[in-house]
Amino acid sequence: QGPDGYLYVGSRNGEYNIRRIDPLTKEVISFAGSRDEEGEVDGTFSRARFKSAMGISFDDGGDLLVADVRAFKIRRISTRTGEVTTVAGTGRLGFMDGHAREASFAAPIAIAASFPWNKFQYRIFVLDALAGTIRRLEVSRRLREKARERDFFREMRAMEELESEAMEEARARIEEATDDDDSEDAFARLRLRREAAMMAT
């Protein structure tokens with residue numbers, strides 16, 4: 001169960017998405033990935049692709065960690081922005097320890113994040129079935145916060161672009177209404193200006 005109260009379910013046996021269940025309404029939706037199309041693509045909820053998102057767990061910041069078994073990777077889904085990124089793994093079967101992007105996994109089938117063990121780092125534990133081991137990732141909390149800041153500013157830029165488009169559309173409509181200068185058009189201009197102000201907020 002996630003911090004938002006929803007239940008999240010991984011997939012296997014020919015399905016490649018992560019599903020979300022509302023315990024109150026019993027509604028089930030596809031949360032990330034594609035049910036019918038596999039892959040190793042990072043990106044947004046709908047664009048990202050998984051090969052076998054079997055193991056899932058939330059970290060202390062509310063992001064969803066995914067053990068993507070057949071992709072030999074550990075992935076993270078930002079619940080704030082919907083961005084899917086690769087945390088660790090080369091994408092090739094292996095047993096190598098090392099830096100997160102240089103380490104390799106054989107069959108990461110389960111995952112769990114610990115509570116922060118100090119103010120700088122937290123740990124992710126991965127059950128690597130074919131290797132017969134439990135692997136440990138030490139994640140910098142500071143780097144994660146920086147990543148979240150980048151996600152926040154990316155989100156803000158997207159909102160600014162939408163507001164700019166809305167303002168341009170409103171200005172175009174006002175210009176169309178100013179062709180004639182009678183009282184009816186004056187009322188139209190006032191109404192459109194009010195709409196433009198509402199769209200900008």
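All residue numbers in this chain count up from 1 along the given sequence. Predicted model only: the values in this text are computed from it and were never measured.
Considering only residues two or more places apart in sequence or on other chains, L24 meets the side chain to side chain contact (heavy atoms under 4.5 Å, CB included) condition with D22. R136 meets the salt bridge (charged side-chain N to carboxylate O under 4.0 Å, His left out) test with E138; sequence neighbours excluded. Shown here are the side-chain hydrogen bond (donor to acceptor under 3.5 Å, both in side chains) partners of Y16, two or more places apart in sequence or in another chain: there are none. Applying the salt bridge (charged side-chain N to carboxylate O under 4.0 Å, His left out) rule to E15 yields the partners R19, R35; only residues at least two apart in sequence or on another chain are considered.
Under the 4.5 Å side-chain contact rule for hydrophobic residues, V87 and V84 do not share a cluster. Follow the hydrophobic side-chain contacts under 4.5 Å out from V9 and you never reach I109; the two are in separate clusters.
If you take CG on D59 and CD1 on I77, they are separated by 11.5 Å, rounding to the nearest 0.5 Å. Taking CD1 of I29 as the reference point, atom CZ of R20 lies at 3.5 Å (rounded to 0.5 Å). Rounded to the nearest 0.5 angstrom, L127 CG and I134 CD1 are separated by 6.0 Å. Once rounded to the nearest 0.5 Å, the distance linking CD1 of I111 with CD1 of I56 reads 10.0 Å.
Residues S11 and N17 bring no donor and acceptor atom of their side chains to less than 3.5 Å of each other.
Listed for the S57 side chain is no donor-acceptor partner under 3.5 Å among the backbone atoms of L65.
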Enumerate, atom names and distances included, each donor-acceptor pair closer than 3.5 Å involving a side-chain atom of residues 88-108, sequence neighbours excluded.
unit_1: T90; atom_1: OG1; unit_2: R92; atom_2: N; d: 3.2
unit_1: D97; atom_1: OD1; unit_2: R135; atom_2: NE; d: 3.2
unit_1: D97; atom_1: OD1; unit_2: R135; atom_2: NH2; d: 2.9
unit_1: H99; atom_1: ND1; unit_2: R101; atom_2: N; d: 3.3
unit_1: R101; atom_1: NE; unit_2: T86; atom_2: O; d: 3.2
unit_1: R101; atom_1: NH2; unit_2: T86; atom_2: O; d: 2.6
unit_1: S104; atom_1: OG; unit_2: F95; atom_2: N; d: 3.2
unit_1: S104; atom_1: OG; unit_2: M96; atom_2: N; d: 2.9

Using atom types as modelled, flag every donor-acceptor pair under 3.5 Å from a side chain in residues 44-52 to any protein atom, sequence neighbours excluded.
unit_1: R49; atom_1: NH1; unit_2: S46; atom_2: O; d: 2.7
unit_1: R49; atom_1: NH1; unit_2: R47; atom_2: O; d: 3.4
unit_1: K51; atom_1: NZ; unit_2: E40; atom_2: OE2; d: 3.2

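Note on D68 versus K73: no salt bridge recorded, every NZ/NE/NH1/NH2 to OD/OE distance being 4.0 Å or above. Salt bridge present: E38 and R70 bring a charged side-chain N and a carboxylate O closer than 4.0 Å.
At least one side-chain heavy atom of R75 sits under 4.5 Å from a side-chain heavy atom of D42.
Between P23 and K26, the closest heavy-atom pair is O-NZ, 2.8 Å. Taking all atoms of both residues into account, the shortest heavy-atom contact from G62 to T79 is O-OG1, 2.9 Å.
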### Message
Let's go through Y8 and F58 carefully: what are the C-alpha distance in whole Å and the side-chain angles of both, what is the deciding distance for ring-ring contact (aromatic ring centres under 6.0 Å, His included) to 0.1 Å, and is it a yes or a no?
### Response
CA-CA 10 Å; Y8 292 82; F58 283 90; 5.2 Å; yes
